[in-house]
Amino acid sequence: MGINFLLPRLLPGDPITAIYGPEVHVQGNSQLKAELTQRFALDQPLAGQFITYIGNLAKGDLGYSFYYQAPVSEVLLSFLPWTLLLAGGALILSTAIGFILGVESGWNRAGKKDMTLLTGVMLLSGMPDFVVGTLLLLVFGLTLGWFPLAGAVTPYGGLSGLALVLDVLHHLALPLATLTIAGLTGTFMLTRNTMVTVLKAPFLLTARAKGLSPRLVRYRHAGRNALLPVVTGTGMRLGRLATGVLFVEVIFSYPGIGLLMHTALMARDYPIIQGVFLVVTLSVLTVSFLLDIIYTKLDPRVVYAP
């Protein structure tokens, strides 16, 4: 909470200038500046602001946005669903695709398929999220015109029902592809390396001796054992996913928490920045908790201390 409170205040400049411009400081506007400073409680010392912040947070009050002129909770709730759709979809797709490709690569280790997949993933792994997003935007959005350049829905489209769903998916495609491509490399490498180790286990010889099909041995026996480190790795890369979402939403002007954060940073909107930090922290902790539960379901030998 202390870091959430302090980080926005380390930014250069002040909210009054960022929102209302340098004109607020000219002679004759001193009364306006004093009113705004008092209204936003910027005249209080940092300790006083922090005590007020913690007190309001205990009551579920995240504060009042300087820029949007609305409660922070309302602003966050209007942006959060788009980020949950984007980040949730990217987490599921990148994990599933990375796992399947890793299983296939590890199963065919040192073969042509393994070398092709390994080379492709190694090339992608060196590219940051915003570079992948920019390339996709330039090729498929600007040059080919297959996907929209910005936004989450067509403005003033008047769409509803299935047409609205398809329009949302059309706008979601490029941001989702960016985060999926950037995220699947870690899952792929982890799965492949685990598969190479698992393939030496004696229980796979037993499975083959039973006459099971190669596909069943590959996914039910070897793949399931390779899945356990993947669940752990998914929890560890949640932080990178949260950071990637912030950059990707800015690149595609996608109206989620990342774009909100960018606007809040430009406006020095301290309450919004604090609210975004809090939401991201709680989201990462919640997903990590859910992954811990999934881990115990996948491996009954794992028991957490009471």
Side-chain angles (χ1 to χ4, degrees), residues 78-105 112-189 191-192 234 237-238 240-263 265-266 276 280 283:
S78 65
F79 284 83
L80 188 59
W82 296 112
T83 294
L84 291 178
L85 177 65
L86 174 60
L91 183 65
I92 294 172
L93 282 179
S94 62
T95 303
I97 296 174
F99 175 73
I100 293 173
L101 293 180
V103 168
E104 294 294 333
S105 182
K112 187 176 180 181
K113 182 188 288 186
D114 181 33
M115 292 297 105
T116 303
L117 289 172
L118 196 57
T119 303
V121 170
M122 290 298 289
L123 289 174
L124 289 175
S125 66
M127 300 175 69
D129 306 339
F130 63 90
V131 174
V132 177
T134 303
L135 289 175
L136 292 180
L137 186 65
L138 289 174
V139 175
F140 297 102
L142 189 62
T143 305
L144 299 177
W146 291 353
F147 297 97
L149 297 176
V153 293
T154 302
Y156 311 109
L159 302 174
S160 61
L162 181 60
L164 178 60
V165 173
L166 294 176
D167 188 55
V168 169
L169 293 177
H170 193 207
H171 285 78
L172 180 67
L174 288 184
L176 182 62
T178 301
L179 289 175
T180 300
I181 291 172
L184 68 85
T185 56
T187 303
F188 169 85
M189 293 302 296
T191 306
R192 181 189 177 278
T234 301
R237 65 184 176 88
L238 285 177
R240 183 188 172 186
L241 176 63
T243 308
V245 167
L246 300 183
F247 283 109
V248 169
E249 286 184 353
V250 172
I251 292 172
F252 291 96
S253 296
Y254 196 78
I257 293 296
L259 193 60
L260 174 64
M261 183 71 169
H262 179 262
T263 305
L265 285 171
M266 294 297 104
V276 171
V280 171
S283 300

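S105 contributes no side-chain N or O that, together with a main-chain N or O of L101, makes up a donor-acceptor pair within less than 3.5 Å. Looking at S253, its side chain never comes within 3.5 Å of a backbone N or O of G151 through a donor-acceptor pair. The backbone N or O of L259 sits less than 3.5 Å from a side-chain atom of T263, completing a donor-acceptor pair.
More than 12 heavy-atom neighbours from other residues, nucleotides or ligands sit within 6.0 angstrom of CZ on F147. Residue H170 qualifies as enclosed at atom NE2: its count of foreign heavy atoms under 6.0 Å is above 12. The 12-atom threshold is exceeded at CE of M115, counting heavy atoms of other residues, nucleotides or ligands nearer than 6.0 Å.
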Residue pair V245, V280: steps toward the side chain to side chain contact (heavy atoms under 4.5 Å, CB included) verdict
CA-CA 11 Å; V245 167; V280 171; over 6 Å; no
Begin with the C-alpha distance, continue with both residues' side-chain angles, and end with the deciding distance and a verdict on side chain to side chain contact (heavy atoms under 4.5 Å, CB included) for M189 and L118.
CA-CA 8 Å; M189 293 302 296; L118 196 57; 3.8 Å; yes
Begin with the C-alpha distance, continue with both residues' side-chain angles, and end with the deciding distance and a verdict on side chain to side chain contact (heavy atoms under 4.5 Å, CB included) for T154 and H171.
CA-CA 8 Å; T154 302; H171 285 78; 3.4 Å; yes
D114 vs R192, test: side chain to side chain contact (heavy atoms under 4.5 Å, CB included). Steps then yes/no.
CA-CA 9 Å; D114 181 33; R192 181 189 177 278; 2.8 Å; yes
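Here the straight-line distance linking atom CD1 of I97 with atom OG1 of T180 works out to 6.0 Å at 0.5 Å rounding. Atom CG of L93 is separated from atom CD1 of I181 by 11.0 Å, given to the nearest 0.5 angstrom. In this structure, CG in L265 is found 9.5 Å from CG in L260, a value given to the nearest 0.5 Å. Put simply, CD1 on I251 and CG on L136 are 9.5 Å apart, with the number rounded to the nearest 0.5 Å. Interatomic distance, T191 OG1 to F99 CZ, rounded to the nearest 0.5 Å: 6.0 Å. A distance of 11.5 Å separates CG in L174 from OH in Y254, rounded to the nearest 0.5 Å.
Residues passing the salt bridge (charged side-chain N to carboxylate O under 4.0 Å, His left out) test with D167: none are found, sequence neighbours excluded.
Nearest approach of T95 to L91, heavy atoms of both residues: OG1-O, 2.7 Å. Residues E249 and T83 share a closest heavy-atom pair of OE2-OG1, 2.7 Å. Annotation for A90 and L176: closest pair N-CD1, 3.3 Å, computed over non-hydrogen atoms. Listed here is the closest heavy atom pair of L142 and L149: N-CD2, 3.6 Å. Here the closest heavy-atom approach between residue V276 and residue I257 is recorded as CG1-CG2, 3.4 Å. Between G183 and S94, the closest heavy-atom pair is C-CB, 3.8 Å.
When side chains are defined from C-beta on, T178 counts as touching F252, because their heavy atoms get closer than 4.5 Å. Contact check for V168 versus W82: side-chain heavy atoms found under the 4.5 Å cut-off.
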